[in-house]
Amino acid sequence: VGPYVLVTPNETRRKQLQQSKLSFAKKELDDLEQWKKEHRPGPITLVPRRLGGNESEAQVRQNQQMILMQSKYQKKHKREEYLKAKKAAEEAEILKMKAIQREKAERLEVKKRQEEMQRREILLEDQKYKTNELLNRLEVGLPKSDSCQIANPGPESTAWKRSHAYKQALREDENRRLEEMKQEQQRKAELLELKQKQEEETRTKALKNEQKRVNNAFLDRLQNKTQPNNIDPGYTG
């Protein structure tokens, strides 16, 4: 640190400066008060007249009470409509889920029936194969009808005719059963398709009715908002 010189403060000069600052501030405050007094607004003179509307205070109070009660009723009605719409939406969702589950169950039932029919067809084919195999083994030792002329048919030709008639009857019976099973399956498929179509129409109609009800409720609320002075005739207060 380099050399420095310490100057002793002049107390008299300091006091003079402080006094001059105080006097200057006091003068500014005095000038401000004087300006306020000079620019103070004068008294206001108005012509006396009657104020207020055409209704009395009691009638105004009554109207205010009616408006308040109507607003409370509208809020309550709006809350009830919201709860109804929410409940209807939940019920529609539940019905939709039930319909989906019902369709799945019906499809599963149709699939089971088809598998059962296929199993029966396989069993019939197996039974037919075994029957034919048995009849073929029975016919091995019998003479052919076109290989020789038999004047008096014996017991062998009679057995062959019986086996042939039995085979023919089995074929006819199998064909009849298969045709009946196909017709039954076709009829069930048609009934299922008709049922699904009716359920879809019912769901569509229910959704349209629900949407119409919600729109009507919204229009009623909108009309009540545009007419705040009208009270519901059914409301007794």
Side-chain angles (χ1 to χ4, degrees), residues 62-131 168-237:
Q62 185 179 2
N63 292 337
Q64 289 179 351
Q65 187 69 18
M66 291 175 66
I67 292 172
L68 179 62
M69 294 167 66
Q70 184 181 5
S71 65
K72 290 182 178 179
Y73 176 75
Q74 288 179 353
K75 288 180 180 179
K76 183 180 179 182
H77 182 68
K78 185 178 180 180
R79 175 69 176 174
E80 292 177 352
E81 289 292 331
Y82 171 75
L83 293 176
K84 288 180 180 178
K86 184 178 179 181
K87 185 177 180 181
E90 291 177 353
E91 290 178 353
E93 186 68 21
I94 292 172
L95 291 176
K96 184 178 179 181
M97 295 299 294
K98 287 183 178 179
I100 292 173
Q101 295 296 329
R102 191 182 301 109
E103 290 179 359
K104 290 182 179 179
E106 290 175 352
R107 290 176 184 174
L108 182 61
E109 185 67 22
V110 171
K111 185 178 180 181
K112 289 182 178 180
R113 290 175 182 173
Q114 291 177 353
E115 292 177 353
E116 182 67 21
M117 286 183 63
Q118 292 177 358
R119 189 178 65 83
R120 290 181 180 179
E121 289 178 358
I122 293 172
L123 290 176
L124 288 174
E125 289 291 335
D126 186 51
Q127 184 179 3
K128 179 181 177 182
Y129 174 76
K130 290 180 179 180
T131 305
Q168 188 68 24
L170 284 177
R171 291 194 190 96
E172 292 178 357
D173 189 32
E174 286 184 26
N175 293 331
R176 181 178 57 79
R177 288 182 181 178
L178 289 175
E179 188 66 25
E180 289 178 356
M181 291 174 67
K182 289 180 181 180
Q183 290 179 0
E184 183 180 1
Q185 187 67 20
Q186 184 178 2
R187 182 177 59 83
K188 290 180 179 178
E190 292 176 355
L191 290 176
L192 180 60
E193 184 179 359
L194 180 61
K195 185 178 179 181
Q196 291 178 353
K197 185 177 180 181
Q198 290 177 353
E199 290 178 354
E200 184 67 24
E201 291 178 354
T202 304
R203 286 198 299 270
T204 304
K205 187 176 180 181
L207 289 175
K208 287 183 179 180
N209 293 333
E210 180 63 21
Q211 186 177 5
K212 184 177 179 182
R213 189 188 66 79
V214 173
N215 291 337
N216 292 333
F218 174 75
L219 292 175
D220 293 339
R221 292 197 300 271
L222 185 62
Q223 186 177 5
N224 291 332
K225 287 182 179 180
T226 54
Q227 299 177 358
N229 294 327
N230 294 331
I231 301 178
D232 191 356
Y235 181 69
T236 59

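In this chain, residues are counted from 1 in sequence order.
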- prompt: So does E116 pair up with R120, basic N to acidic O under 4.0 Å?
  reply: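 Judged by the 4.0 Å cut-off on N to carboxylate O distance, E116 and R120 do form a salt bridge.
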
[X], [atom1]: over 12 other non-hydrogen atoms inside 6.0 angstrom:
X: R213; atom1: CZ; value: yes
X: R176; atom1: CZ; value: yes
X: E180; atom1: CD; value: yes
X: Q127; atom1: CD; value: no
X: K84; atom1: NZ; value: no

How many angstroms lie between [atom1] in [X] and [atom2] in [Y], if you round to the nearest 0.5 Å?
X: E210; Y: E91; atom1: CD; atom2: CD; result: 8.5 Å
X: K205; Y: K208; atom1: NZ; atom2: NZ; result: 10.5 Å
X: N63; Y: Q70; atom1: CG; atom2: CD; result: 11.0 Å
X: K78; Y: F218; atom1: NZ; atom2: CZ; result: 9.5 Å
X: M117; Y: L178; atom1: CE; atom2: CG; result: 8.0 Å

query: Does Q64 reach the side chain of L68, with side-chain heavy atoms less than 4.5 Å apart?
result: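 With C-beta onward as the side chain, the pair stays apart.
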
Compile the donor-acceptor pairs under 3.5 Å between side chains in residues 196-203 and protein atoms, sequence neighbours left out, one pair per line.
from: E200; atom 1: OE1; to: R203; atom 2: NH2; distance (Å): 2.4
from: T202; atom 1: OG1; to: Q198; atom 2: O; distance (Å): 2.8

task: Let me know which of Q185, Q183, E184 forms a side chain to side chain contact (heavy atoms under 4.5 Å, CB included) with R187.
output: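 Only one of Q185, Q183, E184 forms a side chain to side chain contact (heavy atoms under 4.5 Å, CB included) with R187, namely E184.
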
Donor-acceptor contact below 3.5 Å, side chain D126 vs main chain I122: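 Not a single qualifying donor-acceptor pair exists.
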
Check residues 94-111 and write down every donor-acceptor pair under 3.5 Å in which the side-chain atom is one partner and the other belongs to a residue at least two apart or another chain.
from: E106; atom 1: OE2; to: K195; atom 2: NZ; distance (Å): 3.2

